[in-house]
There are 2 protein chains.
Amino acid sequence: MKREQILKAGLKLFVTQGLHAVTIAQIAAEANVGIGTVYRNFNSKEEIVQQIWIRQKASESAYVFKNYKKQGSLHDQFNFLWERVIRYFLEHPLEFQFSYQFAASPILTKEIHEIAMMDFLKFDELYALGLDQNLFKPLTARRLRLFTFSTINGWLLWAMDEKMDIDDATIALFLQMCWDSISA
Amino acid sequence: MKREQILKAGLKLFVTQGLHAVTIAQIAAEANVGIGTVYRNFNSKEEIVQQIWIRQKASESAYVFKNYKKQGSLHDQFNFLWERVIRYFLEHPLEFQFSYQFAASPILTKEIHEIAMMDFLKFDELYALGLDQNLFKPLTARRLRLFTFSTINGWLLWAMDEKMDIDDATIALFLQMCWDSISA
DNA sequence: AAAAACTGACGGAATATTCCGTCAGTTTTT
DNA sequence: AAAAACTGACGGAATATTCCGTCAGTTTTT
């Protein structure tokens, strides 16, 4: 419970102020928790960041795969999953900012990334299937997934930045662009 | 001169250690410069980051637009410019990491971004031309540019991370994906 | 030789981290 | 079933540590 509060507070503060500007005391205050409690739960500021990352990816994957059924055409499944990713981030701007900002941070080790990304391997199965059917350009499933993911990330960053208003049609067009970019 | 050394040192340290872990004293040491000299040139760590950003974007645009002539087909020009962007980042991994890591940082204000991005407006002219010729999907030139840029950024991040070896053919294929994604 | 630039030791403010008394909740004893 | 003993999460004051930014003395430039 307290742990949750701390992670939530950290998320908010890190995104709005940047890692270097946030003190443990601030996090404790924002979380309505004593400083000692922060240290009881985490060893350092860096560990808090790592745990926020893991928690965020878990919440993201829960959202994305909720109600996901392997049915319909491959293209439909592609659209379903990536649309969920997009909607998750649109509905969780703090989480998006955090995700983007720390993706390349030296604080997150390879191990942390491995753990956090595990759930998203299902995407690769989809891409592998597409490759079997010669739907995609000749890259590995992993690379294709990374490509689409990067594209979405980058696009969302600017979209949010510009307060672009994003309706269903915009999302559909964008998904089409993602599909077209990897189509054989 | 000293200023340059400081910016270079900062770039390296920020990328490898992360903003919060780098002290002014460390930067001074890495730059072979006294602490006072850092303060003579910059007011704060944040200002150093901002100036590195501006300097990096300037060096990037110089590289990209060197030898650029508005000739050949629009598709050729598209390929020329984006290939230059890709090659710049491949040859300057530190700069790439920095660029990626701080793109969404709260330290960089809208103004800083405006200044730094000025040189890249030439891209928009290209996209505008393409729109006139109905080559692209119906978005604004700016959004199309941001889309391609995001795609490239994301792709490079993962490519470098995986130490993917990137030869001319890979780049050509990737550029094709970028083109296809926005083609009408 | 005057001005400008530089250096890095130093003081102190800011921050991280520890430490320990409290107390709500749980288990054991009577 | 009431009382006593125990547990360990918690808060925040105390302490340790880091880091900033200044300034007196030095070097370099003009």
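Owing to the predicted nature of the structure, the values given are computational and were not obtained by experimental measurement. In what follows, chains carry the letters A, B, and so on, assigned in the order in which the sequence lines appear, proteins first and then strands, with residues in each chain numbered from 1.
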What are the residues of residues 4-18 of chain A, sorted by number, that bring a heavy atom to within less than 4.0 Å of DNA chain D?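 Heavy-atom cutoff 4.0 Å gives no residues at all.
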Sequence neighbours left out, what pairs pass ring-ring contact (aromatic ring centres under 6.0 Å, His included) with at least one residue falling in residues 156-184 of chain B?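 Found A:Phe147-B:Phe174, B:His75-B:Trp179, B:Phe78-B:Trp179, B:Phe136-B:Trp179, B:Trp155-B:Phe174.
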ring-ring contact (aromatic ring centres under 6.0 Å, His included) contacts touching residues 3-50 of chain B (sequence neighbours left out): none
All N/O donor-acceptor pairs, side-chain side in residues 91-98 of chain B, below 3.5 Å, sequence neighbours left out:
| unit_1 | atom_1 | unit_2 | atom_2 | d |
| --- | --- | --- | --- | --- |
| B:Glu91 | OE1 | B:Tyr63 | OH | 3.1 |
| B:Glu91 | OE2 | B:Tyr63 | OH | 3.0 |
| B:His92 | ND1 | B:Tyr88 | O | 2.7 |

Does [X] have any salt bridge (charged side-chain N to carboxylate O under 4.0 Å, His left out) partners at least two apart in sequence or in another chain, and if so, which?
| X | answer |
| --- | --- |
| A:Arg145 | A:Asp124 |
| B:Lys2 | none |
| B:Asp165 | none |

For A:Ile107 and A:Glu46, work out which heavy atoms get closest and say how close. CG2-O, 3.9 Å
ring-ring contact (aromatic ring centres under 6.0 Å, His included) against B:Phe80, all qualifying residues, sequence neighbours excluded: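 Counting only residues at least two positions away or on another chain, B:Phe80 forms a ring-ring contact (aromatic ring centres under 6.0 Å, His included) with B:Tyr68.
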With sequence neighbours excluded, residues passing side-chain hydrogen bond (donor to acceptor under 3.5 Å, both in side chains) with A:Ser99: A:Lys57
Mind pulling the stems DNA chain D is in, i.e. runs of at least three Watson-Crick or G-U pairs, everything under 3.5 Å? C:1-30 with D:1-30
For every nucleotide of nucleotides 15-22 of chain C, 5' to 3': is a protein heavy atom under 4.0 Å from its base (B), only from its sugar-phosphate (S), or from neither (-)? SSBB----
Listing request: all salt bridge (charged side-chain N to carboxylate O under 4.0 Å, His left out) pairs with a residue in residues 29-38 of chain A, at least two apart in sequence or in separate chains. A:Lys12-A:Glu30
CZ of A:Phe42 versus C1' of D:dC10: gap in Å, rounded?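 About 15 Å, once rounded to whole Å.
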Using whole Å, report how far CZ of B:Arg40 lies from P of D:dT29. 14 Å
